[in-house]
Amino acid sequence: MTTPTFLIIDPRWHGLGYVDAAFTKGYQLIPIVSSPDHPKKYGYDGKFTDLIIADIEDVNAVIAAIETSRWHKKIDAALPGNCYFTPLAAQIAEHLGLKGEPYAAALRSRLKDLGREAYDRAGVPNVRYAKIHDLNEALAAAKNIGFPLVLKPTDGGGSEQVTLIHDDAELKTAMTALLAHEKTSFNFKTRQVFIIEEYITGQEFSVELFIQNKEIKFASVTEKLSTPLPYFVEVGHIVPTSVHMDQTQ
């Protein structure tokens with residue numbers, strides 16, 4: 001039996017679970033990263049088969065690096081090493097003819113404005129929101145939707161720069177900070193498109209699913225623990241949720 005070969009894009013933090021699993025099972029793991037220092041920097045040095053170096057913010061550069069490597073046509077799956085690269089992994093999988101999430105779906109799951117717009121088209125219940133680019137658009141949207149509001153980047157991660165807003169003064173302060181935030185904590189360029197939406201109170205949950213043979217399978221419900229307001233950084237998960245069915249019906 002041929003040993004499976006996985007390409008993984010820039011594994012960091014939560015993506016290191018993929019590295020550990022592949023290493024434990026003896027699979028061939030090929031990280032593609034922007035710097036040869038990344039394996040040591042992020043704690044997976046010695047746990048991979050080979051390394052491909054490319055500008056991971058440029059899909060054409062990534063594909064060219066793969067196609068000129070000795071692993072071209074030997075890769076069984078393309079995995080994102082962190083949430084930022086879910087669309088890129090999908091795009092690579094499509095280009096290589098591998099199974100995976102469609103690129104268009106990956107973009108909608110990653111970019112919050114595209115996700116909200118997809119909910120609208122599908123008739124899925126949605127919060128009131130507006131896609132904005134500057135302070136004037138933010139103030140106009142706030143007037144239309146009403147406070148309290150949540151202001152957030154469309155392409156961030158880990159609730160970075162996601163803020164609860166109660167009035168115009170707070171909105172101006174938060175919007176100024178958001179416009180000045182040109183790079184994420186991963187040092188990636190930010191997309192200068194933002195979302196402002198109504199604030200919904202209550203406990204946060206997520207429903208975990210996976211697709212097997214084109215069928216959606218239920219995995220579990222996760223209960224989210226986050227920092228005190230006005231921020232929304234997740235600090236813990238309860239899996240499965242501690243809330244029983246008779247309390248949620």
Side-chain angles (χ1 to χ4, degrees), residues 12-17 42-43 80 82-86 108-116 119 124-135 137-209 219-249:
R12 306 185 191 184
W13 298 302
H14 47 279
L16 298 182
Y42 295 109
N82 61 72
C83 60
Y84 286 93
F85 290 120
T86 302
R108 290 193 292 268
S109 68
R110 177 78 192 108
L111 302 180
K112 297 175 178 64
D113 56 321
L114 301 187
R116 291 284 180 214
Y119 298 157
V124 175
N126 206 355
V127 299
R128 291 179 295 160
Y129 73 96
K131 182 163 64 173
I132 59 173
H133 303 82
D134 54 38
L135 178 58
E137 291 182 1
L139 291 169
K143 185 176 181 180
N144 181 51
I145 299 172
F147 295 105
L149 295 164
V150 177
L151 177 67
K152 61 180 68 174
T154 54
D155 60 345
S159 297
E160 188 175 10
Q161 294 291 319
V162 179
T163 311
L164 178 64
I165 308 295
H166 296 92
D167 53 40
D168 283 350
E170 289 184 1
L171 180 55
K172 291 177 182 178
T173 299
M175 193 69 199
T176 299
L178 193 53
L179 289 167
H181 187 67
E182 297 181 349
K183 289 194 174 182
T184 70
S185 58
F186 281 43
N187 205 36
F188 302 144
K189 293 178 182 177
T190 58
R191 182 171 175 253
Q192 295 296 295
V193 181
F194 313 103
I195 284 282
I196 192 167
E197 60 189 31
E198 64 177 316
Y199 171 59
I200 303 297
T201 61
Q203 174 62 47
E204 181 183 359
F205 299 91
S206 65
V207 179
E208 318 305 336
L209 309 168
S220 67
V221 175
T222 300
E223 186 175 343
K224 305 293 185 69
L225 307 176
S226 60
T227 56
L229 297 173
Y231 305 109
F232 299 87
V233 178
E234 292 179 13
V235 295
H237 293 164
I238 299 175
V239 186
T241 176
S242 61
V243 177
H244 297 286
M245 287 297 296
D246 58 357
Q247 294 176 277
T248 59
Q249 293 178 340

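The shown structure was predicted, so the numbers you read here are calculated from the model rather than taken from an experiment.
- Side-chain polar atoms of Ser206 and Glu208 form a donor-acceptor pair below 3.5 angstrom.
- Taking the charged nitrogens against the carboxylate oxygens, Glu197 and Arg116 do have a contact shorter than 4.0 Å, which makes a salt bridge.
- Expressed to the nearest 0.5 Å, how far OG1 of Thr154 lies from CD of Gln192 amounts to 9.0 Å.
- Contact record, Leu171 with Ala138: CD2-O, 3.6 Å, taken as the closest heavy-atom pair.
- Annotation for Lys131 and Asp113: closest pair CD-OD2, 3.2 Å, computed over non-hydrogen atoms.
- Atom NZ in Lys172 sits 12.5 Å away from atom CD1 in Ile165 (nearest 0.5 Å).
- Side-chain atoms of Arg128 come within 3.5 Å of backbone atoms of Ile145 as a donor-acceptor pair (strictly under, hydrogens ignored).
- Taking 4.5 Å as the limit, every side-chain heavy atom of Asn82 sits out of range of all side-chain heavy atoms of Tyr42.
- We find the CG-CD distance between Leu151 and Glu170 to be 11.5 Å, quoted to the nearest 0.5 Å.
- Side-chain contact check for Phe194 versus Glu137: every heavy-atom pair is 4.5 Å or farther apart.
- In this structure, the separation between CD1 on Ile196 and NZ on Lys152 is 11.0 Å, given to the nearest 0.5 Å.
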Below 3.5 Å, can you tabulate the donor-acceptor pairs from side chains in residues 232-240 to any protein atom, sequence neighbours excluded?
residue, atom, partner, partner atom, Å
Glu234, OE1, His237, NE2, 2.6
Glu234, OE2, Lys224, NZ, 3.2

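- Atom CG in Asp167 sits 8.5 Å away from atom OG1 in Thr173 (nearest 0.5 Å).
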